[in-house]
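Just so we're on the same page: letters track the sequence lines, and every chain starts at 1.
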Amino acid sequence: MKIATWNVNSLKVRLPHVLDWLASEQPDVLCLQETKLSDENFPADEISAAGYEVVFSGQKTYNGVATISKSHATDIVTDVPGLDDPQRRILGTTIDGVRVLNLYVVNGQEVGSDKFAHKLHWLEMVTGYIGTQLKEHEHFIVLGDFNIAPADADVHDPEAWHERILCSTPERDALGRMLELGLQDTFRLFPQEEKSFSWWDYRAAAFRRNMGLRIDLILASQALVARCSACYIDKAPRRLERPSDHTPVVAEFSL
DNA sequence: ATGGTGGCGCGGCCA
């Protein structure tokens with residue numbers, strides 16, 4: 001199984017990139033974040049025409065997640081039990097026997113802000129849900145835009161980003177508690193180039209200067225870690241005209 | 001410290 005995550009920052013704008021990427025890379029599963037589309041405007045026909053199924057949970061203007069797959073997705077979940085959240089940020093599916101949780105984690109804006117407190121609460125609630133799901137599903141993947149760089153190795157300039165949003169200790173600790181449930185960051189199962197990132201700010205020519213962060217992650221349960229054969233970042237879509245500020249992260253499992 | 005860019009949608013908000 002080849003599975004990927006990509007924050008597209010508007011699926012309306014990025015649909016051509018997504019269709020091209022599906023055609024060239026042929027993933028079994030592609031999880032999107034920041035579709036920024038209400039469900040009635042979702043381009044389901046175009047994705048079907050590409051030979052894929054798709055489920056989605058969207059809203060106008062902000063947020064929105066979608067899971068594209070070659071096989072049929074079942075047991076769709078769009079909300080965390082006990083978390084009343086109008087923002088469409090989570091999509092659970094089961095595909096080819098794998099439970100797939102597609103996340104668009106709250107950004108948090110600034111350390112210490114109300115949005116930051118909301119981010120930590122949201123992560124705590126999602127982590128609780130993952131704990132129960134892990135007990136039910138041996139083959140479990142949590143992937144998406146985590147809006148957290150796990151360690152300084154995932155930051156182009158750790159000093160400049162020290163205790164800033166996306167890199168702060170409370171955020172990293174929250175991710176740590178999720179991992180402690182029995183998940184691993186598949187990217188770090190393999191040797192990787194130094195300064196490997198998945199997001200670069202649109203401003204200040206950040207991509208050209210490789211001033212990025214690795215905030216898009218694919219976490220896998222132990223049974224899947226044992227079957228994980230690769231995890232890599234595909235920078236090609238970030239080089240296209242009018243790109244997303246994120247680029248796809250891909251993991252492969254022998255299943 | 002600010003601003004730099006992009007998407008949405010038409011003034012700001014969000015990232």
Lys/Arg N to Asp/Glu carboxylate O, A:Arg172 vs A:Asp152, below 4.0 Å:
yes

Same-atom distance (P) from B:dG12 to B:dA1, integer angstrom
26 Å

Touch check for A:Phe207, heavy atoms < 4.0 angstrom, all strands: base, sugar-phosphate only, or nothing?
nothing

Could you give the distance separating B:dC10 and B:dC14 at their C1' atoms, to the nearest angstrom?
16 Å

Nearest-nucleotide check on DNA chain B, A:Pro243 vs A:Val106; residue mapping nearer the 5' end is A:Pro243

Distance check, P atoms only: B:dT2 and B:dG6, in whole angstrom units.
22 Å

How are the rings of A:His156 and A:Trp161 set to each other: parallel, tilted or perpendicular (split at 30° and 60°)?
perpendicular

Does A:Arg227 count as lying over the ring of A:Phe253, i.e. NZ or CZ under 6.0 Å from the six-ring centre, within 45 degrees of the axis?
no

A:Arg99 and A:Thr94: side chain donor to acceptor below 3.5 Å:
yes

Opening and closing nucleotides of DNA chain B in contact with chain A, under 4.0 Å to non-hydrogen atoms:
B:dG4 to B:dA15

Upstream residue (5' side of DNA chain B) when A:Arg242 and A:Gln109 are each assigned their closest nucleotide:
A:Arg242

Run the ring pair (Phe, Tyr, Trp, His ring centres under 6.0 Å) test against A:Tyr129 and tell me which residues pass, sequence neighbours left out.
none

Same-atom distance (P) from B:dG9 to B:dC13, integer angstrom:
15 Å

Going by the side chain to side chain contact (heavy atoms under 4.5 Å, CB included) test, name the single residue among A:Asp245, A:Thr247, A:Leu213 that passes it with A:Trp200.
A:Thr247

